[in-house]
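Notes follow the structure.
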Amino acid sequence: MREHDETGADANSEAGGLDAHTPNIARMYDYFLGGSANFVADREAAEQLLRAFPGNVEWTHINRAFLGRAVRVCAEAGIDQFLDLGSGIPTKGNVHEIAQQVNPAARVAYVDIETIAATHARQLLADDPLSSMTQADITDPEAVLNAPGVTELLDFDRPIAVLAVAILDILDLDDPAALMARYRDACVPGSALAISNSAMLDISEEEIDGAQEVFETTTTPTLRTRDHAEVLEMFAGYELLDPGVVPSAQWRPDQPVSEKYAARSNAYAGVGILR
Ligand SMILES: C[S@@+](CC[C@H](N)C(=O)[O-])C[C@H]1O[C@@H](n2cnc3c(N)ncnc32)[C@H](O)[C@@H]1O
């Protein structure tokens with residue numbers, strides 16, 4: 001059995017370039033989803049975030065459910081290739097599992113900057129020739145689009161669903177639409193784009209300020225909530241599927257949701273098809 005230090009981190013983790021002492025959003029998100037791929041610093045920051053904004057666990061589950069529905073809709077529409085940007089630590093309902101339920105031949109290239117996410121995904125996918133994990137910064141589209149894990153798995157002459165779910169809000173970008181345009185330009189018509197981005201729908205100024213304070217202690221120190229128009233802009237060149245850009249719980253829900261519950265999404269989401 002491996003030794004763990006007082007952070008709860010594997011004693012070898014620093015050697016792999018992993019900072020277990022600074023809270024990390026991938027591992028905090030894993031904690032909110034009930035996973036165990038997180039360290040003491042992540043759990044403490046996650047609990048602090050919950051004190052500031054108690055709705056965060058619900059936000060996480062609503063977001064994850066949107067991701068699942070978006071993948072299923074893309075797969076059912078015949079798209080059999082996925083590029084998952086900021087894919088996170090593997091958990092229940094991973095993109096390749098959902099896509100392959102619809103089409104067993106579906107291919108998924110996962111991309112995440114975080115070491116634990118990359119390591120866990122590589123372990124999970126070790127025997128899966130239809131999925132890959134690339135550890136890269138998605139703000140560097142050239143690096144992502146030329147990474148072997150992406151180029152050897154995905155055929156850019158055929159439609160690809162690009163997923164940017166709960167990732168653009170933690171990138172400190174003034175023009176996220178410009179970043180998404182770089183990915184769009186690598187895709188052929190018939191490709192898809194799924195996005196969710198945090199929004200202030202049912203969260204007070206005090207709660208968002210408290211959440212922001214916690215984010216400042218993490219490896220992704222800025223939380224960029226965006227309004228409807230800003231999320232819409234990220235879909236430039238795409239035709240939105242119904243019902244458009246909406247609170248994420250309201251995007252093709254499995255059961256009808258009330259306006260009140262939809263607001264608790266605290267995020268806008270949508271899926272578009274490149275024309
Ligand atoms: C909130 S999680 C979302 C995971 C997944 N997309 C989902 O919606 O369930 C955000 C993920 O983005 C990753 N991330 C943050 N900045 C990144 C960057 N510049 N490039 C790639 N991944 C990044 C984090 O490591 C984390 O795993």
Side-chain angles (χ1 to χ4, degrees), residues 2 9-10 12-13 15-18 20 24-39 42 60 63-76 78-141 143-156 158-167 170 183 186-187 191-194 196 219:
R2 299 177 112 179
D10 185 305
N12 294 326
S13 57
L18 173 63
N24 177 282
I25 195 65
R27 305 189 306 247
M28 290 164 65
Y29 189 77
D30 174 73
Y31 177 72
F32 290 131
L33 288 172
S36 56
N38 45 73
F39 302 129
D42 307 312
T60 307
N63 177 70
R64 194 75 196 168
F66 161 72
L67 172 66
R69 296 193 302 278
V71 169
R72 203 174 63 226
V73 165
C74 290
E76 284 172 354
I79 297 177
D80 63 357
Q81 307 189 92
F82 294 80
L83 176 61
D84 189 359
L85 303 174
S87 48
I89 294 169
T91 179
K92 272 189 222 145
N94 295 304
V95 170
H96 69 289
E97 293 160 348
I98 295 167
Q100 288 171 2
Q101 274 167 14
V102 179
N103 178 355
R107 293 168 176 255
V108 180
Y110 291 106
V111 181
D112 202 287
I113 201 168
E114 208 275 324
T115 302
I116 293 281
T119 309
H120 278 244
R122 286 195 180 116
Q123 281 166 1
L124 179 76
L125 305 172
D127 299 324
D128 182 353
L130 298 178
S131 304
S132 69
M133 176 75 219
T134 297
Q135 188 171 7
D137 182 345
I138 72 146
T139 64
D140 184 354
V144 170
L145 295 168
N146 290 308
V150 174
T151 56
E152 290 169 13
L153 192 73
L154 305 182
D155 175 0
F156 281 82
R158 294 198 306 108
I160 293 173
V162 175
L163 313 174
V165 176
I167 166 75
I170 51 172
Y183 289 99
C187 293
S191 293
L193 173 65
S196 74
T219 53

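Heads up: numbering here begins at 1 and tracks the sequence.
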**Prompt:** Which atom names give the shortest non-hydrogen contact between Ala147 and Thr134, and what distance separates them?
**Reply:** CB-CG2, 3.6 Å
**Prompt:** Do any N or O atoms from the side chain of Asp30 and from the backbone of Ala37 form a donor-acceptor pair under 3.5 angstrom?
**Reply:** yes
**Prompt:** Between Asn38 and Gly35, which heavy-atom pair has the shortest distance, and what is it?
**Reply:** ND2-O, 3.1 Å
**Asked** Has the side chain of Asn103 got a donor or acceptor atom that lies under 3.5 Å from a matching backbone atom of Gln100?
**Response** no
**Message:** Please report the interatomic distance CG(Asp140) to CG(Leu145), rounded to the nearest 0.5 Å.
**Reply:** 9.0 Å
**Request:** Over all heavy atoms of both residues, which pair between Ile89 and Ala26 is shortest? Give the atoms and the distance, please.
**Result:** CD1-O, 3.5 Å
**Asked** Got a second to check how far Leu153's CG is from Met133's CE, nearest 0.5 Å?
**Response** 12.5 Å
**Asked** Can you list the steps and then say if Tyr29 with Thr60 is a side-chain contact (heavy atoms from CB on, under 4.5 Å)?
**Response** CA-CA 7 Å; Tyr29 189 77; Thr60 307; 3.4 Å; yes
**Item:** Closest contact, heavy atoms only, Pro90 versus Ala117
**Value:** CD-O, 3.9 Å
**Asked** If you round to the nearest 0.5 Å, how far is CG of Leu85 from CD1 of Ile167?
**Response** 7.5 Å
**Salt-bridge contact Asp155-Arg107 (side-chain N to carboxylate O under 4.0 Å)** = no
**Asked** Distance-only, no hydrogens or angles: does the Thr219 side chain make a donor-acceptor pair with backbone N or O of Asn24 under 3.5 Å?
**Response** no
**Complete:** Output for pair (Leu125 CG, Tyr110 OH), nearest 0.5 Å, gives 6.0 Å
**Complete:** Phe82 meets the ring-ring contact (aromatic ring centres under 6.0 Å, His included) criterion, sequence neighbours left out, with none
**Message:** Among residues at least two apart in sequence or on other chains, which ones pass side-chain contact (heavy atoms from CB on, under 4.5 Å) with Ile98?
**Reply:** Val71, Arg72
**Message:** Quick check: do Leu18 and Glu114 have side-chain heavy atoms less than 4.5 Å from each other?
**Reply:** yes
**Item:** Value rounded to 0.5 Å, distance of SG in Cys187 from CG in Leu193
**Value:** 8.5 Å
**Request:** Quick one: closest heavy-atom pair of Ala70 and Ala194, and the distance?
**Result:** CB-CB, 4.1 Å
**Item:** Asn94 side-chain N/O to His96 backbone N/O, donor-acceptor pair under 3.5 Å
**Value:** no
**Request:** Report yes or no: does Asp112 contribute a side-chain atom to a donor-acceptor pair with the main-chain N or O of Gly88 at less than 3.5 Å?
**Result:** yes
**Request:** Compare every heavy atom of Pro159 with every heavy atom of Gln81, then report the nearest pair and how far apart it is.
**Result:** NE2-O, 3.2 Å
**Prompt:** Under 3.5 Å, is there a donor-acceptor pair between the side chain of Asp42 and the main chain of Phe39?
**Reply:** yes
**Message:** Enumerate the side chain to side chain donor-acceptor pair (under 3.5 Å) contacts for residues 116-127, please, sequence neighbours excluded, ordered by first and then second residue.
**Reply:** none
**Request:** Check whether any side-chain N or O of Tyr183 sits under 3.5 Å from a backbone N or O of Ile138 as a donor-acceptor pair, and report yes or no.
**Result:** yes
